[in-house]
Number of protein chains: 2
Amino acid sequence: MEKKNFRIKDIAHASGVSVGTVDRVLHNRGKVSAVALKKVMEVLSKNEYKPNLIARLLGSNRSYRIAILLPDPDQDPYWGIARLGMFQAENEWQHYNIKLVTFPFEMLHKHSFEKAAAKVLESRPDGVLIAPIFYHETLPFFEACHQKKIPFVLFNTNIKESKALCFIGQDLYQSGRVAAELICMGQSLPAKFGVLHVDEDLEDSVHFLEKEKGFKEYINETFESKADVVSLNRTSSSDFSFKKKLANLVSDPHLKGVFVSSSHGTTTAATLLKNHRKNNVRLVGYDLLKENTEYMKDGIIDFLIHQKPQQQAFLGISCLANYLVFKKEAVHMNLFPLEIVTRQNLDSYVKLSEQKENGQNVTYKPVII
Amino acid sequence: MEKKNFRIKDIAHASGVSVGTVDRVLHNRGKVSAVALKKVMEVLSKNEYKPNLIARLLGSNRSYRIAILLPDPDQDPYWGIARLGMFQAENEWQHYNIKLVTFPFEMLHKHSFEKAAAKVLESRPDGVLIAPIFYHETLPFFEACHQKKIPFVLFNTNIKESKALCFIGQDLYQSGRVAAELICMGQSLPAKFGVLHVDEDLEDSVHFLEKEKGFKEYINETFESKADVVSLNRTSSSDFSFKKKLANLVSDPHLKGVFVSSSHGTTTAATLLKNHRKNNVRLVGYDLLKENTEYMKDGIIDFLIHQKPQQQAFLGISCLANYLVFKKEAVHMNLFPLEIVTRQNLDSYVKLSEQKENGQNVTYKPVII
DNA sequence: AATAAAAATGTGTGCGCACACAATATTATT
DNA sequence: AATAATATTGTGTGCGCACACATTTTTATT
């Protein structure tokens, strides 16, 4: 009735050897005679042995340090939310002795990144969670990690040749296509659309250009290249050339929609459009920042694509922790769905995150995304 | 540096008593002198003690049976997917000795439900996951559970007065509003919309009427009650009256969209609309059943609201397991976000579920939803 | 004051596994 | 054949907690 688990002890008993020998066979450490090996293997082939992870864990009482190499959350709320997810994960994994150490760097300065990366290596962590937003500067870091056998998880930006433990993020090209789909829905020619990049280092981070590519391609497919797509790039908050171009774009009577490529940029764009009193222009942006949800309720923002930074970060830490604690390999590509938020389903998202903030639903066991 | 966890042993040492006494204080069992109590409490107030759940678990080696009281998955793929999520959860929790026992009942027969419910009680489970689709028939079952102190989790349909451990589902009214929002987007008067209920027991399950209510209210708000909304209800696959009404509806040139209230109904409706060669009518339905995703790629279905049955079921089991194993109270209301699936983000959802099916990403630790 | 009863406290064991180390069996060397 | 060297196998311990049980201290009773 109550089928007890098949333990090492049972294997030993069944094959007429000691638990020590079974242990050696299971982990192939130490020497085992051919005879003993055969006996044990026979028993193993007849009974499924699932090691009791709880017990295994109790014995080895080591702790793990995970280094967090992400942009400074004070400079961009997106990263602030991500950080939240990490600390939630840390809390979940507390019994497994997972500690996080953060190494923030400045989003627009490669130098700052390089310094932080050096510090990470110096700290000799057991694992790293990294947002490799600067391609060239990150490669040597990966090299060093491989040499030191430090597993790392990529976050947000994928670098395929990095041989990371896994990548966690979204399909950026497809993300642009979703944005375009939403912006095109029910629209007709003549039409003009804007793509806005706000304070991004487009030179070095391909991230945003991928989104733009998907966006443009979908629009060209839909309107057979007859729609006009203009891409604007603000370099700083005092970028005059941008302001001029934007005013120009906004004054165009055929302007049907604007797509912003980042979460904080969405807030900026919403403010600008509101000031221009253009609320017949459809605005598509990213993430449920507080400001964005308010602009959505206001009717300024029409669609938000939810990147789920919090959940992504949580999963990132979980992947590393699983690997370190349970030696469990992660799925190499962990693409989050491109979730569409509108005025009508916004609350169902916001309320959810409020529940989580209360920390009540923190479980000791995993949930699929 | 390596701050070790503060254990019972440490408390005992710090307060100059034995671990036995500390144990008695912590669990207030047995007698403890006022002096000893005070000493221990003092130490406890100065140091945070977090019991090591791993160790606690290892000792007590009991197992738990969770009864699953859901509609027969063979009759509706929705429940099949839900079942999948449960078994995934069972797998995740295997080391904690959580066993599932299923008690399927027929969706349209109260009697079948009552019989299954009786069997559940007879089996004396440690917890129950239940879809209370028949309101009146479920109440006595809840009563019995309370008497026998069996915790239960509600699934899909909420019955507030049941005092369940928690409810897992979606806001159905709002779900209807989301459907309406999607169906209205870019549409103009004159307009007619259809609501389809396929093979549902509308008398007894309020479930679907809630969705209809939200749908209608949003449309009336948007078109100032000038749009026509027709509700059709198929009672069986050979319902002639329905066929006639549907033909009538579909032939209306002002028909702009159709909303179907269930996942399998969405497939049915898509087939019917395809046969009527009406693919200029916007179709909004539920869930990523294989047929539905194919109809979406075909261009027949325009939007799917993802109810995430698999994830809901997974969470349901997890809530019960957490409660049983760790004595952890669940969030009482667990509303899933109303996720919108379109042609452009469909793949990001489907690929994800494929990843999960491979079972690779099964973690030992939880992820927020 | 001696003993019994009750109260309070301390000790020991097992949960399943990993790993160190002790013990035994086998083979090599002189 | 005796000893050393090596190969193989078995035993013991700790991880942190819960719980059973043994021991000691205090209080009640005669």
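Note: hydrogens, waters and symmetry copies are ignored here, and every other heavy atom, side chains too, is used. By convention in this document, chain letters (A, B, ...) are assigned in the order of the sequence lines, proteins followed by strands, and residues within each chain are numbered from 1.
- Counting only heavy atoms from C-beta outward, the side chains of Ile68(A) and Arg83(A) never approach each other to under 4.5 Å.
- At least one side-chain heavy atom of Asn322(A) sits under 4.5 Å from a side-chain heavy atom of Trp93(A).
- Distance from the side chain of Ser18(B) is smallest to dT11(C) among dC17(D), dT11(C), dG16(C).
- Within the nucleic acid shown, Val19(B) comes within 4.0 Å of at least one base atom, counting heavy atoms only.
- The end-to-end axis angle of the helix from dA1(C)-dT30(D) to dT30(C)-dA1(D), rounded to 10 degrees and based on five pairs per end, is 70°.
- Rounded to the nearest 0.5 angstrom, Lys163(B) NZ and His146(B) NE2 are separated by 6.5 Å.
- Between Lys31(B) atom NZ and dT26(D) atom P the separation is 17 Å, expressed in whole Å.
- One can place CZ of Phe6(B) at 11 Å from P of dC17(D), the figure rounded to the nearest angstrom.
- Per the geometry, NZ belonging to Lys39(B) stands 12 Å off C1' belonging to dA8(C), to the nearest Å.
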Could you check Leu121(A) against Phe141(A) for side-chain contact (heavy atoms from CB on, under 4.5 Å), going step by step and ending with a plain yes or no?
CA-CA 8 Å; Leu121(A) 290 173; Phe141(A) 178 76; 3.7 Å; yes
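- A sub-4.0 Å separation between OP1 or OP2 of dT26(D) and a side-chain N or O of Ser33(B) is absent.
- Spacing between atom CG of Asn52(A) and atom C1' of dC17(C) amounts to 8 Å, rounded to whole angstrom units.
- The Ala36(B) side chain lies nearest to dT9(C) when the options are dT9(C), dG10(D), dG16(D).
- For Leu58(A) and dC19(C), the CG to C1' distance is 14 Å, given to the nearest whole Å.
- Per the geometry, CG belonging to Leu26(B) stands 11 Å off C1' belonging to dA18(D), to the nearest Å.
- Atom NE2 of His13(A) and atom CD1 of Ile8(A) lie 15.5 Å apart (nearest 0.5 Å).
- Nucleotide dG10(C) holds its C1' atom 14 Å from the NZ atom of Lys9(B), rounded to whole Å.
- Phe152(B) and Phe142(B) have parallel rings, their planes meeting at less than 30° on a 0 to 90° scale where 60° marks the start of perpendicular.
- For Arg7(B), the listed nucleotide lying nearest its side chain is dG16(D); candidates were dG10(C), dG16(D), dG16(C).
- Counting only heavy atoms from C-beta on, Arg29(A) has its side chain closest to dA18(C) among dA18(D), dG16(D), dA18(C).
- Close to dG16(D), at under 4.0 Å from its OP1 or OP2, lies no side-chain N or O of Arg56(B).
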Can you list the steps and then say if Arg29(B) with Asp23(B) is a side-chain contact (heavy atoms from CB on, under 4.5 Å)?
CA-CA 8 Å; Arg29(B) 56 165 152 252; Asp23(B) 178 73; 3.0 Å; yes
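- Of the side-chain N and O atoms in Tyr49(A), none sit less than 4.0 angstrom from OP1 or OP2 of dG16(C).
- Here Leu100(B) contributes atom CG and Ile317(B) contributes atom CD1; the two are 4.5 Å apart, rounded to the nearest 0.5 Å.
- In terms of position along DNA chain C, the nucleotide closest to Ala34(B) lies nearer the 5' end than the nucleotide closest to the other residue of the pair Gly20(B) and Ala34(B).
- Comparing dG10(D), dG16(D), dC19(C) by their closest approach to the side chain of Asp23(A) singles out dC19(C).
- Closest to the side chain of Arg24(B), out of dC21(D), dC15(D), dC17(D), is dC21(D).
- One interatomic measurement links the two molecules: CG of Asn28(B) to C1' of dA8(C), which rounds to 16 Å at whole-angstrom precision.
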